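What follows is a single structure, written as structure tokens, with notes after it.
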Amino acid sequence: MKLSKYLINTLKESPKEATIISHKLLLRASMIKQHSSGIYIWLPLGFKVLKNIEKIIRENQEQIGCHELLMPTIQSADLWKKSGRYEDYGKEMLRIQDRHKNELLYGPTNEEVITDFFNDYVNSYKNLPKYLYHIQWKFRDEIRPRFGVMRGREFLMKDAYSFDLTKEDSFLTYKIFFKSYLKTFIDLGLQPIPVKAESGAIGGDLSHEFQILANTGESEIAYDSKLTSDNLLNLSFDEINSLYSASDDLIDKNKKDVVIGRGIEVGHIFYFGTKYSSPLKANVLTQEGKNVEVHMGSYGIGVSRLVGAVIEAYHDEKGITWPFKIAPFKINIIALEELIDNEEIKKLYLSLLKKYKDIIFDDRDISIGKKIKDSELIGIPWTIIAGKNFKEFNKLELVNRSNNQSITLSVSDLEKFDYEKNFY
RNA sequence: CGGGGAGUAGCUCAGGCUGGUAGAGUGUCUGCUUUGGGAGCAGAAAGUCGCAGGUUCGAAUCCUGUCUCCCCGACCA
């Protein structure tokens with residue numbers, strides 16, 4: 001990608017609407033632009049990050065046999081009246097009328113839609129369990145949106161729904177999702193802490209939220225240090241679930257040997273049994289020919305919130321320090337003006353482009369200093385600089401954004417270098 | 001919803017008390033000079049001063065209303 005062709009407009013000063021670091025950096029790096037309170041335009045650079053996060057989430061969902069569909073943003077109020085939530089949800093739900101005066105709403109979540117749909121398509125125990133998810137924009141008319149994309153009114157969420165024959169099966173499913181969530185967040189480069197949770201408006205009797213550790217996190221969390229060990233994924237659900245963790249007011253102050261940190265909630269999972277299958281009549285026939293209500297769970301990840309959360313965990317005084325997989329571009333090539341048309345550098349760019357796809361060549365007609373600043377602000381993992389050393393010795397400088405260390409390499413070294421493995 | 005603050009150029013802000021028709025930095029554009037850390041010089045474009053009404057010969061400024069945004073609290077992926 002030649003940067004001169006891209007939409008990028010970095011800011012030296014952060015707009016005053018922003019108070020927390022991720023919000024400031026997202027605005028300064030021209031990744032988002034506020035449209036109105038809690039509603040954002042995702043600019044090309046930010047949208048790429050969002051897509052990269054989606055990709056990792058998708059891979060993990062598919063791994064546990066959870067399949068993607070896409071449900072509407074605008075939903076009919078009828079279903080919500082049946083489940084009883086049309087009244088319960090309160091002012092957070094954005095209610096709309098169409099020209100026929102039918103009541104609609106912009107979906108804050110999708111239990112009703114998917115349960116209703118499921119009932120039409122699945123009628124036998126033979127088809128259970130079923131796991132389905134979608135990644136779709138939601139709207140919750142928060143009293144006070146804040147912190148940029150961390151708490152918007154419109155936000156992108158991955159929500160999965162599970163359908164099982166029995167409570168026992170549904171618990172097994174829950175455990176599968178639980179572990180898949182830990183892996184998802186670890187794949188994203190984050191340190192997840194599962195915390196037993198109140199299940200809130202969605203309801204049910206088994207629930208965990210997933211906090212990720214970040215110094216600037218909104219809630220205080222206390223947890224057993226084993227939760228951050230490298231072999232966390234090798235432990236069973238019961239082993240992990242027996243380890244202590246709590247957030248905010250629920251922290252037991254007398255508890256010893258716990259680590260205190262700060263966290264950002266990025267995921268929430270629930271088992272809620274027949275709360276929706278009962279009113280919306282999602283039944284299947286058992287082996288004995290009996291009609292029974294299915295047991296359900298739902299599993300959410302705040303995708304757009306994660307963009308902010310990752311920055312809270314990955315930044316320094318110069319800007320964002322994206323993990324490799326999430327970074328909008330992986331390598332940025334910067335050359336002195338007189339070297340911009342150099343054949344060898346062009347060849348390097350093309351060969352890296354072939355291998356990594358998301359590569360920038362900063363061909364803008366601006367000073368090299370600003371190019372470096374922009375690269376640091378945006379958080380490109382690797383910056384390759386062709387300067388004096390190239391003219392004299394045919395060497396380029398390779399700078400690692402995570403630790404700001406640089407090494408001097410030749411073009412052929414740079415072509416062979418493993419940028420993903422060597423990051424961090 | 002309660003409490004606090006703010007709306008003036010893309011962004012950061014001055015001006016407002018004491019009314020006379022809009023300014024700086026930065027960004028943008030043009031030209032020249034530059035090129036290893038957000039370059040220099042010269043020139044230019046850019047604002048119905050959030051909106052509506054009122055007072056006045058005259059309103060960014062005073063008055064009234066209204067909208068929007070931000071911060072603190074209760075609620076949430």
Side-chain angles (χ1 to χ4, degrees), chain A residues 8-20 23-24 27-28 30 33-39 53 57 89-93 107-110 135-160 181 185 197-202 207-212 218-219 247-249 263-270 298-309 318-319 334-340 362 364-378 383-391 396-397 399 404 406:
Chain A
I8 176 170
N9 182 17
T10 56
L11 299 173
K12 215 182 285 187
E13 293 170 292
S14 56
K16 62 178 170 183
E17 69 206 44
T19 53
I20 63 162
H23 192 189
K24 286 181 180 175
L27 290 167
R28 285 189 53 209
S30 67
K33 164 89 178 146
Q34 180 163 325
H35 171 76
S36 70
S37 183
I39 301 175
I53 290 175
I57 293 172
Y89 223 94
K91 289 185 173 172
E92 265 199 13
M93 186 150 73
T109 177
N110 282 68
I135 296 179
Q136 178 64 291
W137 292 92
K138 307 287 190 292
F139 193 91
R140 293 182 192 170
D141 199 359
E142 297 280 343
I143 300 167
R144 183 150 91 87
R146 62 184 116 172
F147 303 149
V149 298
M150 298 268 279
R151 183 162 344 157
R153 292 193 292 173
E154 188 185 51
F155 58 97
L156 188 62
M157 182 162 108
K158 187 286 297 181
D159 41 327
Y181 266 40
F185 295 121
E198 304 293 324
S199 42
I202 294 179
S207 174
H208 284 85
E209 48 184 58
F210 291 80
Q211 302 265 350
I212 58 112
E218 54 192 336
S219 44
S247 66
D248 291 329
D249 300 341
I264 300 168
E265 188 188 347
V266 291
H268 206 152
I269 63 177
F270 308 86
S298 76
Y299 315 88
I301 292 179
V303 182
S304 47
R305 171 179 282 191
L306 270 169
V307 176
K318 294 175 173 176
I334 294 174
L336 285 177
E337 174 72 19
E338 59 200 282
L339 295 172
I340 278 194
D362 193 344
R364 293 177 297 168
D365 187 21
I366 54 175
S367 75
I368 196 161
K370 177 158 164 65
K371 291 182 183 181
I372 294 170
K373 290 283 183 199
D374 275 354
S375 200
E376 288 166 343
L377 174 62
I378 294 164
T383 302
I384 293 171
I385 304 174
K388 284 177 189 144
N389 256 340
F390 186 79
K391 287 192 288 182
L396 297 92
E397 189 185 343
V399 187
N404 292 309
S406 68

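Each chain gets a letter, A, B and so on, in the order its sequence line appears, and its residues count up from 1. On a predicted model such as this, the values are computed, not experimentally measured, just so you know. Atoms considered below: every heavy atom in the structure, side chains included; atoms not considered: hydrogens, waters and symmetry mates.
Nucleotides B:G38 and B:A45, compared at atom P, are 29 Å apart to the nearest Å. The gap from the P atom of B:U56 to that of B:A46 amounts to 35 Å, rounded to the nearest Å. Rounded to whole Å, the separation between the P atoms of B:C51 and B:A22 comes to 15 Å. Rounded to whole Å, the separation between the C1' atoms of B:U12 and B:U28 comes to 16 Å. A gap of 12 Å separates the P atoms of B:A60 and B:A52, to the nearest Å. Distance noted for atom C1' between B:G36 and B:G50: 45 Å (whole Å).
Contacts of A:G152 with the nucleic acid, taken as non-hydrogen atoms under 4.0 Å apart, include base atoms. Residue A:S36 is in sugar-phosphate contact alone, with no base atom involved, counting any heavy-atom pair closer than 4.0 Å across all strands shown. Within 4.0 Å of A:G387, counting heavy atoms only, lies at least one base atom of the nucleic acid. Looking at heavy-atom distances under 4.0 Å, A:R153 makes no contact with the nucleic acid at all. At the heavy-atom level, A:D159 lies nowhere under 4.0 Å from the strands shown. Nucleic acid contact for A:E142: base, since at least one base atom lies under 4.0 Å from a heavy atom of the residue. If you check every strand for non-hydrogen atoms under 4.0 Å, A:K371 touches nothing. Residue A:Q34 is in sugar-phosphate contact alone, with no base atom involved, counting any heavy-atom pair closer than 4.0 Å across all strands shown.
Searching all strands for a Watson-Crick or G-U wobble partner of B:U56 with both distances below 3.5 Å returns nothing. Across all strands shown, B:U12 is found opposite B:A24 as a Watson-Crick or G-U wobble partner, with both distances under 3.5 Å. Across all strands shown, B:U35 remains unpaired; no Watson-Crick or G-U wobble contact has both distances below 3.5 Å. Figure legend. B:U30 is base-paired to B:A42; pairs are counted as Watson-Crick or G-U wobble with both atom distances under 3.5 Å. Across the strands present, B:C69 finds its partner in B:G5; the criterion is a Watson-Crick or G-U wobble pair with both atom distances under 3.5 angstrom. In a base pair of the Watson-Crick type (N1 to N3 plus N6-O4 or O6-N4) or a G-U wobble (N1-O2 and O6-N3), with each distance short of 3.5 Å, B:C17 is matched with no nucleotide. Under the Watson-Crick and G-U wobble criteria, each requiring two contacts below 3.5 Å, nucleotide B:U61 is left unpaired. B:C49: no Watson-Crick or G-U partner with both key distances under 3.5 Å is found in any strand.
Between the side chain of A:K371 and the backbone N or O of A:R364, at least one donor-acceptor pair lies under 3.5 Å. The backbone N or O of A:P108 lies less than 3.5 Å from a partner atom in the side chain of A:R140, making a donor-acceptor pair. With A:R153 contributing its side chain and A:E142 its backbone, the two residues share no donor-acceptor pair below 3.5 Å.
If you take NZ of A:K12 and P of B:G37, they are 14 Å apart, rounded to a whole angstrom. Rounded to a whole Å, the NZ atom of A:K33 is 12 Å from the C1' atom of B:C69. Distance A:L377 CG to B:G37 C1': 14 Å, rounded to the nearest Å. The interatomic distance linking A:Y89 (OH) with B:C75 (C1') rounds to 11 Å, in whole Å. If you measure from atom CD1 of A:I334 to atom C1' of B:U35, you get 12 Å, rounded to the nearest angstrom. Atoms CD (A:E218) and P (B:C75) sit 13 Å apart, rounded to a whole Å. Atom CD1 in A:I57 sits roughly 11 Å away from atom C1' in B:A77 (whole-Å rounding). Rounded to an integer number of Å, the gap from A:L336 CG to B:A39 P is 15 Å.
The nucleotide whose nearest atom lies closest to any side-chain atom of A:P15 is, among B:U12, B:C76, B:G38, B:U12. Nearest to the side chain of A:R151, among B:C76, B:G37, B:A6, sits B:C76. When distances run from any side-chain atom of A:I385 to the nucleotides B:A77, B:G38, B:G36, the shortest one goes to B:G36.
For the pair A:R146 and B:G73, the criterion of a side-chain N or O lying under 4.0 Å from OP1 or OP2 is met. At B:U35, none of the side-chain N or O atoms of A:S367 fall inside 4.0 Å of OP1 or OP2 (strictly under the cut-off). Here A:R144 reaches the OP1 or OP2 of B:C71: one of its side-chain N or O atoms lies under 4.0 Å away.
A:S375 is linked by a side-chain hydrogen bond (donor to acceptor under 3.5 Å, both in side chains) to A:N332, A:T383, counting only residues two or more places apart in sequence or in another chain. Take A:R146 and apply the salt bridge (charged side-chain N to carboxylate O under 4.0 Å, His left out) test, not counting sequence neighbours, and it matches no residue.
The aromatic rings of A:F185 and A:Y181 stand perpendicular to each other, their planes meeting at an angle above 60°, with 30° marking the opposite boundary.
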Exercise. For A:I143 and A:K91, run side chain to side chain contact (heavy atoms under 4.5 Å, CB included): C-alpha distance rounded to whole Å, both residues' side-chain angles, the deciding distance at 0.1 Å, then the answer.
Key: CA-CA 9 Å; A:I143 300 167; A:K91 289 185 173 172; over 6 Å; no
Quiz item: Is there a side chain to side chain contact (heavy atoms under 4.5 Å, CB included) between A:E218 and A:I20 once you walk through the steps?
Solution: CA-CA 10 Å; A:E218 54 192 336; A:I20 63 162; over 6 Å; no
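Looking at A:R28, its side chain has no donor and acceptor atom pair within 3.5 Å of the base of B:C11. No hydrogens or angles were tested; on distance alone, a donor-acceptor pair under 3.5 Å links the side chain of A:E13 to the base of B:G25. The base of B:G38 lies close enough to the side chain of A:D374 for a donor and an acceptor atom to sit less than 3.5 Å apart.
Comparing A:V303 and A:E337 against RNA chain B, the residue whose closest nucleotide sits nearer the 5' end is A:E337. Nearest-nucleotide mapping onto RNA chain B: of A:G369 and A:T19, the residue sitting toward the 5' end is A:G369.
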